[in-house]
Peer 1: 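Have a look at this one before I ask anything.
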Amino acid sequence: MADTKGFSSIETPGYVGFANLPNQVHRKSVKKGFEFTLMVVGESGLGKSTLVNSLFLTDLYPERIIPDAIEKQKQTVKLEASTVEIEERGVKLRLTVVDTPGFGDAIDNSNSFSAILEYIDEQYERFLQDESGLNRRNIVDNRIHCCFYFISPFGHGLKPLDVEFMKKLHSKVNIVPVIAKADCLTKKEILRLKCRIMQEIESHGIKIYPLPDCDSDEDEDYKEQVKQLKEAVPFAVCGANTLLEVKGKKVRGRLYPWGVVEVENPEHCDFIKLRTMLITHMQDLQEVTQEVHYENYRSDRLAKGSINSKGKENGIKMERDNNGVPSQVVANSVLSEKDRILQEKEAELRRMQEMLAQMQARMQAQK
């Protein structure tokens, strides 16, 4: 008789077992791994790369070349995506960081954000095309889930470029405002700057990423944590990759003649709060990207596609009536992109069916 010890019911009567479903989802998610794409935007010299390396304890830019002043004059905004696989306690994260060197460095910055807007739309478009394809099993998600926007600490609030950029992007991506190099300000100056920035964000109607409210059944510690995170926006941070010894402990920080600024000390800056916000709300950032920003893009894209196809159909009738051109020739010349993609997919499906029929015929012949 086979051993059935592993199937014996030792639970209380009435227990079915579907309470174990979350464990199944957990195992599957850990095995598959996670993907996250972060964009960092801000002027040169605000410590974007240093902060990202500090956040994820990795070196994303090992071979980076910093341009000199002459090259910066000619530099335009370009986007650089760096991907790294991070593993922590068996959980794998495929992190992609999109940097924007050249942003805000020119004298005329009126077109600084056009390349960034195009990049975000390109990722949405690529995901839409992959989602509409036949092979939807291995879609790589490169959509921007979060955008850290770095604000200079040397001004008295938001610059016109900051306002314009956030107004252009707030409907496409989750924006998290960050005050860079906060170690050059006193605590009073940081509080004053935070209040000023939040007032300007509200007055200009800019929608930044809203931290979700806690459910009533959440524990008190988590509620307090979320409350502190909400009060800390915009996060005043500083980054450092140097290990220093303070009171017998190794800490990451910056050494000054008057002391050490500890990056991971909440009394010194909001680095820990920013990292906690990013890690604890990573899933929510992805869900907002999928359910709000991507759905908005998808509905707009499909609406424009249907409008264009209607306009093109009218164009076919007019051309045929006026010029007497054969309908097939005109139709082929003005087929919408959506129709073209559909035809390609149908042709691919037909080829696969033919190959399957040939394989079945060979198997029959072998029998």
Side-chain angles (χ1 to χ4, degrees), residues 34-69 71-86 93-106 109 111-124 126-127 140-153 159 161-162 164-166 168-170 172-182 208-209 234-235 237-242 252 263 271 274-275 277-279 282 285-286 289 293:
F34 298 89
E35 294 176 328
F36 192 78
T37 306
L38 173 69
M39 177 178 272
V40 287
V41 184
E43 298 169 18
S44 297
L46 290 180
K48 302 187 295 294
S49 308
T50 307
L51 181 73
V52 170
N53 288 340
S54 303
L55 276 171
F56 297 101
L57 299 176
T58 186
D59 188 7
L60 277 162
Y61 313 100
E63 300 173 1
R64 189 168 189 179
I65 299 167
I66 298 171
D68 55 26
E71 288 176 353
K72 276 188 179 180
Q73 286 180 345
K74 302 172 186 175
Q75 191 179 27
T76 55
V77 180
K78 59 179 182 178
L79 288 94
E80 297 175 352
S82 305
T83 304
V84 65
E85 298 273 352
I86 305 171
L93 173 67
R94 179 181 168 273
L95 173 71
T96 304
V97 177
V98 182
D99 202 355
T100 54
F103 176 84
D105 292 347
N109 290 305
N111 293 321
S112 279
F113 34 76
S114 57
I116 298 169
L117 278 165
E118 284 173 18
Y119 182 86
I120 292 169
D121 284 344
E122 276 173 20
Q123 304 315 310
Y124 283 144
R126 187 180 297 175
F127 192 85
V140 178
D141 185 6
N142 284 320
R143 295 172 297 177
I144 306 297
H145 299 119
C146 180
C147 174
F148 284 170
Y149 187 74
F150 285 71
I151 299 163
S152 173
K159 296 178 182 177
L161 177 64
D162 302 334
E164 196 63 29
F165 175 84
M166 288 196 272
K168 291 274 186 185
L169 262 76
H170 68 174
K172 292 179 178 290
V173 72
N174 298 311
I175 297 174
V176 176
V178 172
I179 299 171
K181 295 195 170 181
I208 59 173
Y209 170 66
F235 299 94
V237 298
C238 63
N241 297 319
T242 312
R252 279 183 301 140
V263 169
F271 176 85
L274 177 65
R275 188 169 68 186
M277 185 282 299
L278 185 65
I279 300 302
M282 195 173 271
L285 285 161
Q286 291 177 322
T289 301
H293 301 305

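These figures come from a predicted structure and were not determined experimentally.
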Peer 1: Test side chain to side chain contact (heavy atoms under 4.5 Å, CB included) on L95 and F34 and set out the steps.
Peer 2: CA-CA 8 Å; L95 173 71; F34 298 89; over 6 Å; no
Peer 1: Report the distance from atom CZ of F148 to atom CD1 of I175, rounding to the nearest 0.5 Å.
Peer 2: 12.5 Å
Peer 1: Under the rule for ring-ring contact (aromatic ring centres under 6.0 Å, His included), what residues qualify as partners of Y209, not counting sequence neighbours?
Peer 2: none
Peer 1: List the residues meeting side-chain contact (heavy atoms from CB on, under 4.5 Å) with R126, not counting sequence neighbours, and say none if there are none.
Peer 2: Q123, D130, N142
Peer 1: Working to the nearest 0.5 Å, report the span between OG1 of T37 and CG of L285.
Peer 2: 11.5 Å
Peer 1: Provide the closest heavy-atom pair for C146 versus V176 in the form atom of the first, atom of the second, distance.
Peer 2: SG-CG2, 3.7 Å
Peer 1: For Y149, give me all partners under side-chain hydrogen bond (donor to acceptor under 3.5 Å, both in side chains), at least two apart in sequence or on another chain.
Peer 2: D162
Peer 1: Would you give the length of the straight line joining atom CZ of F127 to atom CG of D141, rounded to the nearest 0.5 angstrom?
Peer 2: 5.0 Å
Peer 1: I need the F235 CZ to F271 CZ distance, nearest 0.5 Å.
Peer 2: 12.5 Å
Peer 1: What do the steps show when you test V97 against M39 for side chain to side chain contact (heavy atoms under 4.5 Å, CB included), and what is the final call?
Peer 2: CA-CA 6 Å; V97 177; M39 177 178 272; over 6 Å; no
Peer 1: To the nearest 0.5 Å, tell me how far E164 CD sits from K159 NZ.
Peer 2: 15.0 Å
Peer 1: Name all residues meeting the side-chain contact (heavy atoms from CB on, under 4.5 Å) criterion together with I279; count only those two or more places apart in sequence or in a different chain, and write none if there are none.
Peer 2: R275, M282
Peer 1: Of all residues at least two apart in sequence or in a different chain, which pass the side-chain hydrogen bond (donor to acceptor under 3.5 Å, both in side chains) check with H293?
Peer 2: N174
Peer 1: Hey, are the side chains of D121 and K172 touching, using non-hydrogen atoms and a 4.5 Å cut-off?
Peer 2: yes
Peer 1: Between I116 and V41, which heavy-atom pair has the shortest distance, and what is it?
Peer 2: CD1-CG1, 4.1 Å
Peer 1: Looking at every non-hydrogen atom in both residues, tell me the closest pair between A182 and C238 and how far apart they are.
Peer 2: N-CB, 4.3 Å
Peer 1: Please step through side chain to side chain contact (heavy atoms under 4.5 Å, CB included) for the pair R143 and Y124, ending with a clear verdict.
Peer 2: CA-CA 6 Å; R143 295 172 297 177; Y124 283 144; 3.6 Å; yes
Peer 1: If you round to the nearest 0.5 Å, how far is CD1 of I144 from CG of L169?
Peer 2: 9.5 Å
Peer 1: Hey, mind stepping through I179 and V237 against side chain to side chain contact (heavy atoms under 4.5 Å, CB included) and telling me if it holds?
Peer 2: CA-CA 6 Å; I179 299 171; V237 298; over 6 Å; no
Peer 1: Would you confirm whether H170, through its side chain, and I208, through its main-chain N or O, come within 3.5 Å as a donor-acceptor pair?
Peer 2: no
Peer 1: Among residues at least two apart in sequence or on other chains, which ones pass ring-ring contact (aromatic ring centres under 6.0 Å, His included) with Y119?
Peer 2: none
Peer 1: On a heavy-atom basis, which atom in L46 and which in S152 lie closest, and how many Å separate them?
Peer 2: CD2-CA, 4.1 Å
Peer 1: Where the side chain of Q286 meets the backbone of E35, is there a donor-acceptor pair that is under 3.5 Å apart?
Peer 2: yes
Peer 1: Between V40 and V52, which heavy-atom pair has the shortest distance, and what is it?
Peer 2: CG1-CG2, 3.7 Å
